[in-house]
S.K.: 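Before I ask anything, let me first share the structure, which is written out below as structure tokens.
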Amino acid sequence: GQSLEQPSEVTAVEGAIVQINCTYQTSGFYGLSWYQQHDGGAPTFLSYNGLDGLEETGRFSSFLSRSDSYGYLLLQELQMKDSASYFCASTHPNQGGKLIFGQGTELSVKP
Amino acid sequence: GAVVSQHPSWVICKSGTSVKIECRSLDFQATTMFWYRQFPKQSLMLMATSNEGSKATYEQGVEKDKFLINHASLTLSTLTVTSAHPEDSSFYICSAASGSYEQYFGPGTRLTVT
């Protein structure tokens with residue numbers, strides 16, 4: 001089957017650094033995306049790894065290791081507004097470009 | 001850029017009726033649109049993938065006769081929930097893609113069936 005595993009909850013304080021891990025077992029895997037979703041809102045794209053290694057976009061970085069079927073999202077200088085759910089998703093261009101989402105990690109940032 | 005709208009944002013309907021949800025890409029042409037369903041505190045579950053002018057591809061376990069998808073143009077896809085029942089109550093989200101790995105999501109439609 002297809003599965004992406006993430007921790008269900010993470011709590012951190014403002015200004016800290018947090019890492020959200022994602023391990024996957026998917027066929028036809030092409031790359032790993034990360035999305036943020038605030039309560040009741042639309043998911044928004046954060047980052048994509050098509051190749052192994054680190055991608056940096058401002059305070060957010062994402063990493064992929066295909067040999068380990070593993071990736072992570074790193075959030076630095078945490079702010080209260082970063083409290084949200086974070087989803088990793090595998091991309092499948094040979095299946096119409098669909099995304100298969102992990103179960104999501106709810107991040108709570110405390111003052 | 002890359003804005004996707006959904007209409008309505010919320011709807012309440014009676015059991016047995018049908019509801020249509022529209023998804024539009026406002027400033028780009030979407031080669032593919034996707035429909036997801038999300039229960040509270042859960043992940044997004046892909047229901048179907050649709051391409052303009054062709055039949056939608058449904059994920060395993062999704063009833064194609066119950067969830068009718070029409071992709072009439074490169075900027076519009078509709079999802080019709082037919083003969084809705086309380087268990088169909090959920091948050092329905094569409095997304096649109098124009099060939100890259102990134103999907104642009106609509107704001108979602110909250111459906112409540114009474």
Side-chain angles (χ1 to χ4, degrees), chain A residues 1-9 20 22 24 26-51 55 57 60 62 64 71 83-108, chain B residues 1-7 9-10 23-26 30-52 54-62 69 71 77 90-111:
Chain A
Q2 317 256 44
S3 70
L4 295 95
E5 300 291 326
Q6 303 176 234
S8 57
E9 296 177 343
I20 299 174
C22 174
Y24 61 88
T26 64
S27 59
F29 176 88
Y30 195 79
L32 195 69
S33 298
W34 288 90
Y35 285 80
Q36 178 193 62
Q37 185 182 31
H38 284 97
D39 214 20
T44 55
F45 173 80
L46 292 177
S47 188
Y48 173 74
N49 292 80
L51 301 172
E55 289 287 336
T57 312
F60 298 165
S62 59
L64 176 66
S83 293
S85 291
Y86 292 84
F87 296 91
C88 59
S90 58
T91 59
H92 300 263
N94 294 332
Q95 296 177 57
K98 72 180 187 182
L99 295 175
I100 298 175
F101 281 84
Q103 289 306 302
T105 298
E106 188 169 352
L107 171 64
S108 297
Chain B
V3 177
V4 175
S5 71
Q6 272 185 249
H7 178 79
S9 54
W10 60 269
C23 176
R24 293 180 185 272
S25 57
L26 298 184
T31 52
T32 311
M33 287 185 168
F34 304 87
W35 288 94
Y36 297 85
R37 184 173 181 176
Q38 187 177 35
F39 291 107
K41 301 293 185 185
Q42 293 190 23
S43 186
L44 288 86
M45 186 196 79
L46 179 65
M47 299 174 68
T49 302
S50 75
N51 292 287
E52 182 256 342
S54 60
K55 288 185 180 179
T57 302
Y58 289 81
E59 294 297 301
Q60 196 171 8
V62 177
I69 292 171
H71 196 150
S77 177
S90 188
F91 193 49
Y92 292 88
I93 310 177
C94 72
S95 72
S98 59
S100 74
Y101 51 80
E102 186 173 346
Q103 290 185 19
Y104 304 97
F105 285 82
T109 297
R110 190 160 302 282
L111 170 64

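Computed from a predicted model, the values in this text were never measured in an experiment. Labels below follow one simple rule: chain letters A, B, ... track the order of the sequence lines, proteins then strands, and each chain is numbered from 1.
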S.K.: Taking all non-hydrogen atoms of both residues, which atom of Y48(A) and which atom of E55(A) are closest, and how far apart?
M.R.: O-CG, 3.5 Å
S.K.: Please check if the distance between the ring centroids of Y36(B) and F101(A) is under 6.0 Å.
M.R.: yes
S.K.: Listed by residue number, which members of residues 84-93 of chain A have a heavy atom under 4.5 Å from any heavy atom of chain B?
M.R.: F87(A), T91(A)
S.K.: Is the gap between the ring centers of F34(B) and F105(B) under 6.0 Å?
M.R.: no
S.K.: How far apart are the closest heavy atoms of G40(A) and F91(B), and which atoms are they?
M.R.: O-CZ, 3.8 Å
S.K.: Against chain B, work out which of G96(A), G41(A), G104(A), S33(A) has the most heavy-atom pairs shorter than 4.5 Å and name it.
M.R.: G96(A)
S.K.: Where on I93(B) is there a heavy atom nearer than 4.5 Å to chain A: the side chain, the backbone, both, or neither?
M.R.: side chain
S.K.: Give the minimum heavy-atom separation between N51(B) and T32(B), together with the two atoms involved.
M.R.: OD1-OG1, 2.9 Å
S.K.: Give, as side chain, backbone, both or neither, the part of Q42(B) having an atom under 4.5 angstrom from any heavy atom of chain A.
M.R.: backbone
S.K.: Quick check on Y30(A) against chain B: is it the side chain, the backbone, both or neither that has a heavy atom closer than 4.5 Å?
M.R.: neither
S.K.: With a 3.5 Å cut-off and no angle check, do the side chains of W35(B) and S95(B) form a donor-acceptor pair?
M.R.: no
S.K.: So, does S43(B) use its side chain to make a donor-acceptor pair with the main chain of G102(A) at under 3.5 Å?
M.R.: yes
S.K.: Verify whether one side chain among T109(B) and Q6(B) offers a donor that lies under 3.5 Å from an acceptor in the other.
M.R.: yes
